[in-house]
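The figures here come from the full heavy-atom set of this structure, side chains too, leaving out hydrogens, waters and symmetry mates. Counting from 1, the numbers follow the sequence of the chain as shown.
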Amino acid sequence: MTSAEGLEVRTAAGTVRGRAESGLVVFRGIPFAEPPVGEARFQAPRPVQGWEGTREAYDFGPPPPQESGFQGRAAELPVPTGDDWLTVNVWSPGTDPSARRPVMVWIYGGAYKLGHAGSPGYDAQHLARAGDVVVVTFNYRVGIEGFALLEGAPANRGLLDQVAALEWVRDNITAFGGDPGQVTVFGESAGAGSVASLLAMPSARGLFGRAVAQSVPGTYFSAELARDIAVEIGKEAGLAPTAAALSAVDPLELPSAGERLSLRMRDYDDRWGQAAPTVTPFSPVVDGEVLPTTPWEALAAGAARDVELLVGHNRDEYRLFLALADRLGRITEEQAAAALRTFAPGPDGERAYREAFPDATPTELYERVQTDWLFNMPSLRLAEAQVAGGGRAHLYELAWPAPGLGGVLGACHGLDIPLLFGTYEADLGNLLFAGSGVPDEARALTARFQAAWTGFARTGDPGWPAYDVAGGRLTQVLDAEPEVRPYPEEVSRRLWETYDFRTLPLLK
């Protein structure tokens, strides 16, 4: 039941009070699971215990323990206080239970080692108002707490947190004005990899009916690789790679072990192969239980044929990482050749890339092959797997270049976040729009993003035809003048046509 003002809502665990903000009712920091500390450390999330009286839901919960930054760029995170990491936040146009609005549940990215739902870039007020939808964001465990494969702990604890948050939505969202039968999960980067994982997880079935995956990373670890990485994490901490041993380390101090390993992952090229250059020792683990197979294999077999999928990527994904490392235009021929040998598909991949892009500079080849391997081709192939398995998918590419830094970033990784949420001056938006203001083209793209995403959440139709191999591979290209046309990265698609995205193996 809600109060007359609509600010108090009764959840299964107790009553919460939110705030009226610019035409919405907003609730922050509602626990969806018990704090994963003490005996619960490194375990599956446990149901939250109830509380008496009314809990003020005014402030975001503390971020999960994590590293200080990524690619040398400091993360703008508040200092964590308390251990109630697993909380949800709700933006609702109104809490009348009979409203039954579509529900959109956001999963943040951050290389599976960073991120929290309280980041200003994920302020969902504009999206909730634009589409008359209920938006939910939540925290999940990242880094060692969420993804290291440890003896005595279930695999993929961060993914299990996500399932628990979706169960909270199922059980409680009606009281916030949402429809538990019309839930869409959406996420970017590691959040999109999480969405893809949820599509393949038996424990997540029935918790959502639509999914949006923005820039799906192609990195999923084999259990053997994940165990070997965990051994090295343990060495950095001076402990065995077990839940019991690592539980002795303060949760706020443990991420430094993963951070130190990230800095020297290239020392393990001969063992970790393609995982080593990613400089993140965390990814979902295909453990055979929590995550039985890769998302591509699961979708092709029909695991998510009843879930409608919207998936896509940005044209110049990897350019962001070159810019953050101050390497734009500075890649040598030797570095480009090494990247092509590491990431291009097939034994003749380097020659094939050079012939396909004959005029490309070393920097362009280096960027192109890593854009394709890490994000673009995994995203495309997820759509193709969904269609092959009897489901429906809609495909997009963001081609509009970020105006910041004189436009050198192109349509880089992460640009879709400020465009979707309308948060141009928050988090990464500070870089992507630096010195340019917010051009009218950006605001027009935001309106298009929000209409497409919320329209998809409401009807399953984002406003352009479904992807169909036989029907021309039609794709929504989001640019200053958006258009629907055949998949724009056809050259890359052909290079990767026979490549099978599998788990990353332990080489020796």
Side-chain angles (χ1 to χ4, degrees), residues 31-49 61-68 80-87 110-116 139-165 190 194 197 201 203 220-265 268 271-272 275 280-292 503-504 506:
F32 69 84
E34 283 294 287
V37 295
E39 291 184 357
R41 183 98 179 265
F42 299 116
Q43 301 305 309
R46 300 181 178 184
V48 65
Q49 300 299 306
Q66 58 194 267
E67 299 180 15
S68 58
T81 56
D83 51 22
D84 215 350
W85 314 325
L86 303 182
T87 58
Y112 302 106
K113 63 181 182 179
L114 296 172
H116 72 111
N139 286 345
Y140 63 93
R141 284 172 284 181
V142 295
I144 298 172
E145 300 289 334
F147 288 96
L149 187 58
L150 307 175
E151 180 184 334
N156 300 306
R157 296 171 298 281
L159 298 179
L160 294 175
D161 291 345
Q162 296 169 18
V163 171
S194 296
S197 299
M201 290 169 59
S203 61
Y220 290 79
F221 289 171
S222 68
E224 294 76 17
L225 173 62
R227 287 192 193 97
D228 199 62
I229 291 174
V231 168
E232 299 305 318
I233 290 172
K235 289 179 181 177
E236 290 290 347
L239 296 166
T242 68
L246 293 178
S247 290
V249 183
D250 187 302
L252 299 184
E253 296 178 1
L254 188 58
S256 64
E259 193 165 14
R260 290 192 298 270
L261 180 60
S262 293
L263 294 174
R264 57 183 194 84
M265 284 183 70
Y268 300 89
R271 277 161 55 186
W272 300 346
T280 176
F282 310 105
S283 277
V285 181
V286 178
D287 65 311
E289 184 177 347
V290 175
L291 184 58
T503 56
L504 299 184
L506 177 66

Side-chain heavy atoms of F282 within contact of V142, under 4.5 Å: no
Steps toward side chain to side chain contact (heavy atoms under 4.5 Å, CB included) verdict (Y140, L159): CA-CA 8 Å; Y140 63 93; L159 298 179; over 6 Å; no
L86 to N139 - nearest heavy-atom pair and separation: CD2-O, 3.9 Å
Main-chain N/O of G258 paired to E236 side chain as donor or acceptor, under 3.5 Å: no
Side-chain heavy-atom pair E145, P36 within 4.5 angstrom cut-off: no
Hey, can you pull the donor-acceptor pairs under 3.5 Å for the side chains in residues 242-255, sequence neighbours left out?
residue, atom, partner, partner atom, Å
T242, OG1, A245, N, 3.0
S247, OG, A243, O, 2.6
D250, OD1, L252, N, 2.7

Between OG on residue S194 and CG on residue N156, distance to nearest 0.5 Å: 9.5 Å
Distance-minimising heavy-atom pair for I233 and A148: CD1-CB, 4.4 Å
Any residue meeting salt bridge (charged side-chain N to carboxylate O under 4.0 Å, His left out) with R141, in chain and number order, not counting sequence neighbours: D161
Flag, side chain of T280 to backbone of A111, donor-acceptor distance under 3.5 Å: yes
Close side-chain approach of P281 and F147, heavy atoms under 4.5 Å: no
Closest heavy-atom pair and its distance - Y268, E232: OH-OE1, 2.9 Å
Residue pair L506 / F221, side-chain heavy-atom distance below 4.5 Å: no
For the student: nearest non-hydrogen atoms of A230 and P241, plus distance: O-CB, 3.3 Å
Shortest non-hydrogen contact between L160 and A155, atoms and distance: CD1-O, 3.9 Å
Spacing of CG belonging to L150 relative to CD1 belonging to I144, to within rounding of 0.5 Å: 8.0 Å
Heavy-atom side-chain contact between W85 and P65 under 4.5 Å: yes
E151 atom CD, neighbour heavy-atom count above 12 within 6.0 Å: no
Main-chain N/O of S222 paired to E224 side chain as donor or acceptor, under 3.5 Å: no
Side-chain donor or acceptor of D287 paired with backbone N/O of V290 under 3.5 Å: yes
Residue pair D83 / R41, side-chain heavy-atom distance below 4.5 Å: no
For the student: nearest non-hydrogen atoms of S262 and E67, plus distance: OG-OE2, 3.8 Å
